[in-house]
Amino acid sequence: DAFTAAAGMGLEDITHEDMAIPTIKLASATTDEMKPSHSKYMEDLKVGQIFNDVTKVIWSGTEGILVIPVYYRLSYVEWGRGRTGFVGEVSQETYATTTRKEDSYEDILPNGNICEKTANHYVLFFTGDGTLQRALIRMTRTKLKRSRQWNTIMQLQTHNGRPLPMFANIYRLKTTSETNKKGSWTTWSVALEKRIESMDHFNQAKEFYAGIIKGDVETASPAAESASETSSDDLPF
């Protein structure tokens, strides 16, 4: 009763722009959260599962999660040499100055740092009780192929001959595995689930979209992905 009477006290001035939204990730053998010696280690996490890097909630990769996509942005992320530390984002023009390191399929800037294409999918995901929470899904390297597939599916959704807003549909994200000459890895699987059914959910998506456009949405700095995968530029659509 005391908690109910004091609901929200102290949180009055905290808005979405005062919080960094979590990132939803998939677990692979090289994910930091899979390494017992790492500070981010999650004991119950297994390869192929999906997890929230803030709340530490874990989902089955086979069943997947339901998300409403809200906004998409392609960025170019600079990493220190050897992928040691996030430096920042650079422009497309700066990325164009990179050269390809063939033995590792990495794009190298003139200063020797690595620059990586990153597909940023801002989403609302359904929690266990059916409510929506904000999150970011980053796709890099071979996962860029999945990002392009998802973007294509969204572009094809129309109503009365006009393109639907991105957040008019719900998608199911699962995990799957792929293999190339350098080994195997975990990646995303994306499928259209159904049309959005709640006006409240639609309005939440519009509000999130407006905040992103205004620049009110803060995200945490990305973590380096494994360098063991082939670049997506070497893979078919």
Side-chain angles (χ1 to χ4, degrees), residues 17 19-28 30-33 40 50 53-54 67 69-123 134-155 166-167 171 173 175 178 180 182 185-188 190 208-237:
E17 60 185 287
M19 300 181 290
I21 65 173
T23 304
I24 292 177
K25 301 179 179 179
L26 52 80
S28 67
T30 56
T31 301
D32 288 341
E33 286 79 359
K40 295 181 180 180
I50 302 168
D53 72 343
V54 172
V67 304
V70 174
Y71 188 75
Y72 167 79
R73 182 176 67 88
L74 181 66
S75 62
Y76 303 89
V77 177
E78 181 178 355
W79 300 96
R81 299 188 184 198
R83 308 177 72 80
T84 54
F86 170 74
V87 177
E89 291 189 8
V90 301
S91 66
Q92 184 176 7
E93 290 74 22
T94 299
Y95 177 75
T97 67
T98 62
T99 55
R100 174 59 57 89
K101 186 178 179 181
E102 294 297 339
D103 59 341
S104 65
Y105 303 99
E106 292 176 335
D107 296 320
I108 308 300
L109 290 164
N111 64 5
N113 285 347
I114 297 167
C115 193
E116 190 168 66
K117 282 185 181 179
T118 303
N120 301 277
H121 292 268
Y122 294 81
V123 304
R134 301 177 175 193
L136 173 64
I137 300 174
R138 292 186 173 101
M139 299 187 186
T140 60
R141 303 182 69 79
T142 56
K143 299 178 187 69
L144 287 172
K145 181 177 68 171
R146 301 303 188 191
S147 175
R148 290 194 291 265
Q149 290 173 341
W150 193 3
N151 286 338
T152 302
I153 294 171
M154 291 188 289
Q155 287 276 13
M166 182 181 286
F167 40 84
Y171 295 79
L173 271 61
T175 63
E178 288 190 350
N180 68 12
K182 299 192 72 175
W185 64 92
T186 306
T187 190
W188 292 104
V190 181
F208 188 22
Y209 170 83
I212 296 168
I213 295 299
K214 286 175 60 181
D216 292 340
V217 177
E218 295 292 331
T219 60
S221 299
E225 296 281 348
S226 166
S228 63
E229 301 171 14
T230 300
S231 165
S232 66
D233 294 335
D234 299 313
L235 297 173
F237 176 84

Measure the spacing between [atom1] of [X] and [atom2] of [Y] and express it to the nearest 0.5 Å.
X    : Y    : atom1 : atom2 : result
L74  : T118 : CG    : OG1   : 7.5 Å
T98  : N111 : OG1   : CG    : 11.0 Å
M166 : Y122 : CE    : OH    : 11.5 Å
T187 : K143 : OG1   : NZ    : 5.5 Å
W79  : I108 : CH2   : CD1   : 13.5 Å
Q92  : K117 : CD    : NZ    : 8.0 Å

Between [X] and [Y], which heavy-atom pair has the shortest distance, and what is it?
X    : Y    : result
V67  : L173 : CG2-CD1, 3.7 Å
Y95  : C115 : CD1-SG, 3.5 Å
G80  : V87  : N-CG2, 3.7 Å
I153 : V190 : CD1-O, 4.4 Å
T186 : A27  : OG1-O, 3.8 Å

task = Sequence neighbours left out, what passes ring-ring contact (aromatic ring centres under 6.0 Å, His included) with W150? Give chain and number order.
result = H121, Y171
query = Does any non-hydrogen side-chain atom of I137 lie less than 4.5 Å from one of W188?
reply = yes
task = Measure the shortest side-chain to side-chain distance between Y76 and T94 over non-hydrogen atoms and say whether it is less than 4.5 angstrom.
result = no
ask   = Taking only residues two or more places apart in sequence, or in another chain, which ones meet T23 in a side-chain contact (heavy atoms from CB on, under 4.5 Å)?
value = K25, D53, R138
remark   = Residue set satisfying side-chain contact (heavy atoms from CB on, under 4.5 Å) with E89, at least two apart, ordered chain then number -> R73, S75, V77
inquiry  = Does Y209 have more than 12 heavy atoms from other residues, nucleotides or ligands lying within 6.0 Å of its OH?
reply    = no
